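Please read the structure below before turning to the comments.
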Amino acid sequence: MLDHFSVMVRDLPASAAFYDAVLAPLGGRRIMEPGPIGYGVDSPDFWLVPAPAEAGTSLEAHIAFTAPDRAAVQAFHDAAVAAGAEVLHAPRVWPEYHPTYFGAFVRDPDGNNVEAVCHRPE
């Protein structure tokens with residue numbers, strides 16, 4: 001059900017050193033960097049994201065759920081809008097992630113960034 005998860009961190013080098021140490025015994029390793037650092041076993045599914053200076057004490061989480069197809073991403077988006085969610089990004093292809101990454105992003109009632117993503121081609 002979960003595709004990937006990210007947390008904002010105030011001190012990226014310190015957090016990266018911590019996660020390097022604690023994820024290694026679990027088979028996790030740094031897979032992608034610089035900028036956000038992606039950890040995983042085969043592909044990045046846990047991300048450390050530098051918090052912006054203006055974040056203050058409020059650090060949002062990012063949760064991405066796997067969708068079986070693009071229609072499910074659209075249905076997720078439509079359900080979120082009907083539930084009153086703030087739309088961060090309407091469903092679209094995100095080629096900067098990979099050529100078939102199709103995702104939609106909304107904000108949940110607590111301010112977290114929630115996404116549905118399909119990795120399959122249309």
Side-chain angles (χ1 to χ4, degrees):
M1 185 167 184
L2 286 177
D3 185 81
H4 62 274
F5 181 78
S6 66
V7 294
M8 287 187 172
V9 297
R10 287 186 174 81
D11 184 338
L12 187 61
S15 293
F18 172 81
Y19 284 105
D20 286 347
V22 302
L23 295 178
L26 305 175
R29 62 183 175 86
R30 285 191 203 195
I31 294 178
M32 293 185 76
E33 63 180 316
I37 298 175
Y39 287 88
V41 175
D42 298 316
S43 62
D45 49 25
F46 173 65
W47 293 86
L48 300 179
V49 179
E54 66 274 6
T57 59
S58 175
L59 298 180
E60 75 178 37
H62 171 68
I63 307 145
F65 295 100
T66 302
D69 53 38
R70 292 180 179 198
V73 172
Q74 184 66 54
F76 160 88
H77 172 266
D78 295 346
V81 169
E86 174 189 354
V87 175
L88 299 174
H89 301 287
R92 71 173 178 90
V93 174
W94 294 83
E96 58 269 37
Y97 300 146
H98 66 69
T100 60
Y101 193 110
F102 187 82
F105 301 76
V106 299
R107 195 161 309 283
D108 78 4
D110 292 302
N112 295 302
N113 178 341
V114 182
E115 172 189 4
V117 58
C118 175
H119 296 281
R120 297 178 182 187
E122 200 167 357

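Nothing fancy with the numbering, it's 1 onward along the sequence. These figures come from a predicted structure and were not determined experimentally.
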Check against side chain to side chain contact (heavy atoms under 4.5 Å, CB included), Leu2 and Phe65: CA-CA 5 Å; Leu2 286 177; Phe65 295 100; 3.6 Å; yes

In one Ile/Leu/Val/Met/Phe/Trp/Tyr side-chain cluster, 4.5 Å: Val106, Trp94: no

Separation of Arg92 CZ from Phe102 CZ (nearest 0.5 Å): 10.0 Å

Shortest non-hydrogen separation from Gln74 to Pro91 and the atoms involved: OE1-CG, 3.5 Å

Under the side-chain contact (heavy atoms from CB on, under 4.5 Å) test, residues paired with Ala61 that sit two or more places apart: Phe5, Asn112

Inter-residue atom distance His4.NE2 - Ile63.CD1, 0.5 Å rounding: 10.5 Å

Spatial distance of atom OH (Tyr39) from atom CD (Glu33) [nearest 0.5 Å]: 7.5 Å

Sub-4.5 Å side-chain heavy-atom contact between Leu48 and Val7: yes

Criterion side chain to side chain contact (heavy atoms under 4.5 Å, CB included) on Glu60 and Asp108, from CA distance to verdict: CA-CA 10 Å; Glu60 75 178 37; Asp108 78 4; over 6 Å; no

Closest heavy-atom pair and its distance - Thr100, Arg70: O-NH2, 3.7 Å

Exercise: identify the closest heavy-atom pair between Met8 and Ala51: CB-CB, 4.0 Å

Neighbour count above 12 (heavy atom, 6.0 Å) for Arg29 CZ: yes

For the student: nearest non-hydrogen atoms of Ala16 and Ile37, plus distance: CB-CD1, 3.7 Å

CD (Glu96) with more than 12 external heavy atoms under 6.0 Å: yes

Exam field: side chain His62 to backbone Asn113, donor-acceptor pair closer than 3.5 Å: yes

Candidate pair Tyr101 and His119, rule ring-ring contact (aromatic ring centres under 6.0 Å, His included), full reasoning: CA-CA 5 Å; Tyr101 193 110; His119 296 281; 5.2 Å; yes

Val41 to Gly27 - nearest heavy-atom pair and separation: CG2-O, 3.6 Å

Minimum heavy-atom distance between Arg107 and Leu88, given as atom pair plus value: NH2-CD2, 3.4 Å

SB check Arg30 Asp20 (cutoff 4.0 Å): yes

Val9-Phe46 co-clustered via ILVMFWY side chain contacts under 4.5 Å: yes

Flag side-chain contact, heavy atom, 4.5 Å: Arg10 against Ser15: no

